[in-house]
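For reference, the structure is listed below as structure tokens.
Sequence positions, counted from 1, serve as the residue numbers for this chain.
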Amino acid sequence: MNNRSANESIKGYSYQFDRTVVEILDCDDRDAKFVVEGVEDIDILQGDLSTFVQCKYYEGTEYNHSEIKPAIIAMLRHFHTLTAVKRGHVKYKLYGHFKSGQGKLKTHFDLDFMKKSFLSFKKDGALCVVYHELGLNDDELEHFKKSLDIDLHARTYEDQRSHLIFKLLIQEISSCTNVDDAQLFFYPSAVTAVQSLAIQPDINKRQITKAKFVQLINQKEVVFNLWLQASLDREKYAKVIKNNHFASGAIKRPKAARVFAIEVSSNFDLGNISEVLAKIAASFSHKEHIRTPQEDRYCPYVLLRGISETELVALKERLYLSGLLFDDGYPFRGSKFRPALLARDPTKESLYQLKLLGSEAEIVDVFDLIEGTTKKIYDFYINLRMPNTSLPSDSSFTSIRIDDPHFLTSIF
């Protein structure tokens, strides 16, 4: 397969997943079931009615009947397996987007046209007539034709996403209030949910109701696929993350116990990481004044994931030489970890700007000792999200995908 064909195939799958999101969100029945990669690309089971949807996306191809013939034949074969009663409760939809040639298919075509154009083909020089093979008469074919809906004017890949999906997300998700929310938070979650269903080997695990789907994606965290993140503007991404997670709207930032868990790649730059920590310390520590009351003092916690003990020591040395005052829960060389040291607030005599954690377990140990303060954990991950199953239940947890830790300086 050449690069062009590969790109078209990838775009076709993406278009199909997007169409699945549309079908789910645009359905009025919250109890309707949707099967991803069922009989067709999308199966919609709503009461007694079953609708089977097939998507074709060929933005660089002129339409010819042969382009959709295999899909229609597959639908007829499925129709053939149904009882007479069930045939009265099925619909087949084919959405197609083509570069041109849509006028070749009349809006209303007769049975002879369907037989000739869609239900017969030549193989090794011989004519294959599918409806003869299946033993279907004209009345049955007419029934199938009435159950079939072909739309060759489906939206473009970009238009379906920006003018339909985003609109539906704002309409159906109460916490999705604008296009930025839809694009950067809820759309990635929706596509991830559809992809997760599509890869299930058991068809029973590839189905979901609208109510469950909405509940699944209705969480304001960033869950980016690599391909999606690469398509977004870096500056805009940073701005939206800041506005949604770190803009307090108050004159001074509210006091809280904030943990910034940051995944570090194997080829990280010590200087860049130091700059990130200094930025976090400056942005999330209280502003010290002559009359600052003790109860208003606080500073952030940082957990670096994927960094070795030797590298962590080198980083602490760099922070120490830069004059950034930090605490790591170890009062003297060779001592055991003491979470109480990190649980206490900075004081006028010990104006710590940063508290360094060594593991997820230390978060639990420290947070167990903190009372009367909001607790928040931000997981900035590159490849692997931090597991939140063992973290304190009284703390909020948000995962945010990043390319590299230095990106945090763009956010703050």
Side-chain angles (χ1 to χ4, degrees), residues 184 221-224 226 229-230 232-248 253 255-288 298-330 342 346 351-360 362-363 366 375-386 388 391 395-412:
L184 295 175
E221 64 175 41
V222 184
V223 186
F224 281 103
L226 289 173
Q229 187 178 4
L232 296 173
D233 179 79
R234 185 181 177 91
E235 182 178 346
K236 184 178 182 182
Y237 179 30
K239 181 179 179 181
V240 172
I241 291 174
K242 179 178 180 179
N243 289 342
N244 280 281
H245 291 293
F246 303 107
S248 66
R253 193 180 298 278
K255 181 177 180 177
R258 300 178 179 88
V259 173
F260 295 85
I262 306 169
E263 184 180 5
V264 179
S265 58
S266 57
N267 60 343
F268 77 94
D269 180 271
L270 190 62
N272 283 345
I273 296 295
S274 300
E275 182 182 351
V276 169
L277 299 194
K279 191 74 172 178
I280 291 174
S283 300
F284 294 93
S285 294
H286 72 276
K287 306 305 178 186
E288 182 71 11
Y298 60 91
C299 70
Y301 296 84
V302 169
L303 168 63
L304 297 175
R305 300 169 55 230
I307 190 171
S308 70
E309 185 64 31
T310 302
E311 292 165 336
L312 184 58
V313 170
L315 176 62
K316 291 178 180 179
E317 177 73 13
R318 192 178 185 105
L319 294 177
Y320 174 76
L321 293 174
S322 70
L324 194 154
L325 191 61
F326 65 89
D327 193 359
D328 60 4
Y330 293 88
L342 295 185
L351 281 176
Y352 293 113
Q353 298 171 272
L354 195 66
K355 298 178 181 181
L356 297 175
L357 296 160
S359 67
E360 289 90 343
E362 290 186 6
I363 299 177
V366 173
K375 304 168 188 176
K376 300 182 178 183
I377 302 172
Y378 300 98
D379 172 32
F380 291 94
Y381 72 100
I382 300 172
N383 295 308
L384 297 175
R385 298 169 68 186
M386 185 174 74
N388 64 346
L391 295 176
S395 61
S396 65
F397 181 86
T398 304
S399 286
I400 301 173
R401 200 181 201 292
I402 58 174
D403 286 324
D404 61 86
H406 198 256
F407 177 68
L408 272 65
T409 60
S410 300
I411 299 174
F412 305 134

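The two residues S396 and K376 come nearest to each other via the heavy atoms OG-CG, 3.4 Å. In terms of heavy-atom proximity, I382 sits nearest to R401 at O-NH2, 2.6 Å. Nearest heavy-atom pair across L342 and G329 is CD2-N, 3.5 Å. The minimum heavy-atom distance linking L303 with L357 is given by the pair CD1-O, 3.5 Å. The two residues R253 and S283 come nearest to each other via the heavy atoms NE-O, 3.1 Å. Heavy-atom minimum distance, Y352 versus P346: O-CG, 3.6 Å.
Here the NZ atom belonging to K316 is positioned 3.5 Å from the CG atom belonging to D328, to the nearest 0.5 angstrom. Between the CG atom of L391 and the NZ atom of K375 there is a distance of 12.0 Å, given to the nearest 0.5 Å. Between L351 atom CG and C299 atom SG the span is 9.5 Å, to the nearest 0.5 Å. A distance of 11.0 Å separates CD1 in I400 from CZ in R385, rounded to the nearest 0.5 Å. Atoms CG and CD, on L319 and E317 in that order, are 9.5 Å from each other to the nearest 0.5 Å. Note that the CG atom of L277 and the CG atom of N272 stand 11.0 Å from one another [nearest 0.5 Å].
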Residues V366, V259; criterion side chain to side chain contact (heavy atoms under 4.5 Å, CB included); working and verdict: CA-CA 11 Å; V366 173; V259 173; over 6 Å; no
Test log, rule side chain to side chain contact (heavy atoms under 4.5 Å, CB included), inputs L356 and L315: CA-CA 11 Å; L356 297 175; L315 176 62; 5.8 Å; no
Chi angles and distances behind the side chain to side chain contact (heavy atoms under 4.5 Å, CB included) call for M386, S399: CA-CA 8 Å; M386 185 174 74; S399 286; over 6 Å; no
CA sep, side-chain torsions, deciding dist, call: D269, H406, side chain to side chain contact (heavy atoms under 4.5 Å, CB included): CA-CA 9 Å; D269 180 271; H406 198 256; over 6 Å; no
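Residues E309 and V313 have side chains in contact (heavy-atom distance under 4.5 Å, counting atoms from C-beta outward). Side-chain contact between I241 and Y378 is absent, with no heavy atoms from C-beta onward closer than 4.5 Å. Counting heavy atoms from C-beta outward, F268 and E311 have side chains that approach closer than 4.5 Å.
Residue Y320 qualifies as open at atom OH: its count of foreign heavy atoms under 6.0 Å is 12 or below. For K239, the NZ atom counts as loosely surrounded, since its 6.0 Å shell holds 12 or fewer non-hydrogen atoms of other residues, nucleotides or ligands. Residue K279 qualifies as open at atom NZ: its count of foreign heavy atoms under 6.0 Å is 12 or below.
With hydrogens and angles disregarded, no donor-acceptor distance shorter than 3.5 Å links the side chain of Q353 to the backbone of S285.
When each of L304, I273, D379 is checked for a side-chain contact (heavy atoms from CB on, under 4.5 Å) with I262, only L304 meets the rule.
Here the two rings, on F380 and F407, have centers that are 6.0 Å apart or farther.
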